[in-house]
Trainee: 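Below: one structure in structure tokens.
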Amino acid sequence: MEVKVFQNGLTHTRLKLDPRTKLFVMLMISTVMLSGSIEGNAVYPRLVLACVPLVLLLTGRRIRVAVFYAVAFVLAEYAEVFLVYNTTGALNIVAVMLSGLVTRFFPCLVMGYYLMATTRVSEFMASMARMHVSQKIVIPLSVMFRFFPTVAEESRSINDAMRMRGVGIGSAGGSPMSMLEYRMVPLLMSVVKIGDELSASALTRGLGGPEKRTNICQIGFGPWDVAFTLVVLGAVAVYWFL
């Protein structure tokens with residue numbers, strides 16, 4: 001089964017980071033991007049933090065996502081710096097909303113995408129066990145790692161089935177609500193079934209049992225973990241100082 005959106009089983013990356021490092025980087029980026037100011041010299045550490053997901057995507061061979069992220073962020077940053085202060089009326093409202101959403105939320109979402117796309121479930125669970133995180137948190141998160149790839153594949157299967165049957169905008173009478181119904185109703189039914197199956201699979205594999213689970217995957221901190229941690233901590237320290 002090949003999943004192209006999130007690939008947990010076959011991860012190809014030139015730069016291997018520990019899952020705990022990825023979580024830490026995502027937390028720091030989210031904290032600064034969502035709660036920080038965009039004025040003055042504080043812009044520069046924000047740009048450094050925004051470049052971290054881009055570098056990780058490029059090393060992880062996610063070229064399309066990296067290019068889309070870079071273009072979208074640069075355009076949003078330009079709109080936030082120039083258009084917001086040089087426009088009025090409805091254009092100003094649109095510029096503020098779109099640029100603010102992209103510059104604040106997009107780096108966090110892309111870092112979360114990288115975390116899920118390059119981390120195997122076994123690695124994630126092993127890292128959480130090292131941190132002594134409660135299984136009440138670990139089990140839902142581990143199920144989530146399988147949930148999104150399965151839903152994405154199910155959505156593609158529904159689209160393929162619609163094309164095979166000739167169901168499209170023209171055949172639906174041009175009604176957006178009809179097209180939404182044709183796609184969402186089967187997908188929602190599949191989502192419920194997928195959730196039940198993944199929960200049963202997790203219990204079958206012994207998740208939540210009283211005995212401590214063993215794991216054969218190798219995790220640990222390396223030079224790249226130290227480097228990215230120092231870069232992120234340095235950018236956060238400079239940001240709060242400024």
Trainee: Does atom CZ (F68) have a neighbourhood of more than 12 heavy atoms from anything else shown, all under 6.0 Å?
Mentor: no
Trainee: Any carboxylate oxygen within less than 4.0 angstrom of a Lys/Arg side-chain nitrogen, looking at E123 and K16?
Mentor: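 Yes, charged N to carboxylate O under 4.0 Å.
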Trainee: For R62 and A117, work out which heavy atoms get closest and say how close.
Mentor: NH2-O, 3.3 Å
Trainee: Apply side chain to side chain contact (heavy atoms under 4.5 Å, CB included) to V65 and Y114, showing your working.
Mentor: CA-CA 10 Å; V65 182; Y114 175 81; over 6 Å; no
Trainee: Any heavy-atom pair between the side chains of M28 and F24 that's under 4.5 Å?
Mentor: yes
Trainee: Look at the side-chain heavy atoms of Ile, Leu, Val, Met, Phe, Trp and Tyr, link any pair under 4.5 Å apart, and say whether L101 and V74 land in one connected group.
Mentor: no
Trainee: Quick check on the hydrophobic clustering: are V226 and V236 connected, directly or via other members, by side-chain heavy-atom contacts under 4.5 Å?
Mentor: no
Trainee: Going by heavy atoms in the side chains, are Y113 and L57 under 4.5 Å from each other?
Mentor: yes
Trainee: What's the separation between atom CD in E153 and atom CZ in R156, rounded to the nearest 0.5 Å?
Mentor: 6.0 Å
Trainee: If you take all heavy atoms of C108 and L34, which pair is closest and at what distance?
Mentor: SG-CG, 4.2 Å
Trainee: If Ile, Leu, Val, Met, Phe, Trp and Tyr residues are connected whenever their side-chain heavy atoms lie under 4.5 Å apart, and connections chain through other members, are V232 and L27 in the same group?
Mentor: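 Yes; L27 is reachable from V232 via cluster members.
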Trainee: Mind checking the OG1-CH2 spacing from T31 to W240? Nearest 0.5 Å is all I need.
Mentor: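 If I round to the nearest 0.5 Å, the distance is 8.0 Å.
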Trainee: Rounded to the nearest 0.5 Å, what separation is found between the CG atom of L56 and the SG atom of C51?
Mentor: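 Going from CG on L56 over to SG on C51, the span is 11.0 Å.
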Trainee: Does a side-chain heavy-atom distance below 4.5 Å link L54 with V110?
Mentor: no
Trainee: Is it true that L230 and F221 fall in one hydrophobic cluster, defined by side-chain heavy atoms closer than 4.5 Å?
Mentor: no
Trainee: Mind running side chain to side chain contact (heavy atoms under 4.5 Å, CB included) on L187 and V151 for me, showing each step along the way?
Mentor: CA-CA 8 Å; L187 184 60; V151 170; 4.2 Å; yes
Trainee: Test of understanding: clusters of I, L, V, M, F, W, Y form through side-chain heavy atoms closer than 4.5 Å, transitively. Do V231 and L58 belong to the same one?
Mentor: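 No, it is not one cluster - the side chains of V231 and L58 are not joined through contacts under 4.5 Å.
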Trainee: Tell me the closest heavy-atom pair linking Y69 and A50, and the distance in Å.
Mentor: OH-O, 2.6 Å
Trainee: How many angstroms lie between atom CG of L115 and atom CE of M26, to the nearest 0.5 angstrom?
Mentor: 5.5 Å
Trainee: Measuring from atom CG of L47 to atom CZ of F73, what distance do you get when rounded to the nearest 0.5 angstrom?
Mentor: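 If we round to the nearest 0.5 Å, L47:CG and F73:CZ are 5.5 Å apart.
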Trainee: Looking only at heavy atoms, what is the nearest atom pair of T103 and M33, with distance?
Mentor: O-SD, 3.6 Å
Trainee: Rounded to the nearest 0.5 Å, how far does NZ of K193 lie from OG of S190?
Mentor: 7.5 Å
Trainee: How close do G220 and D225 get, counting heavy atoms only, and between which atoms?
Mentor: O-OD2, 3.8 Å
Trainee: For the residue pair A126 and I219, what are the closest heavy atoms and their distance?
Mentor: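 It is C-CD1, 3.6 Å.
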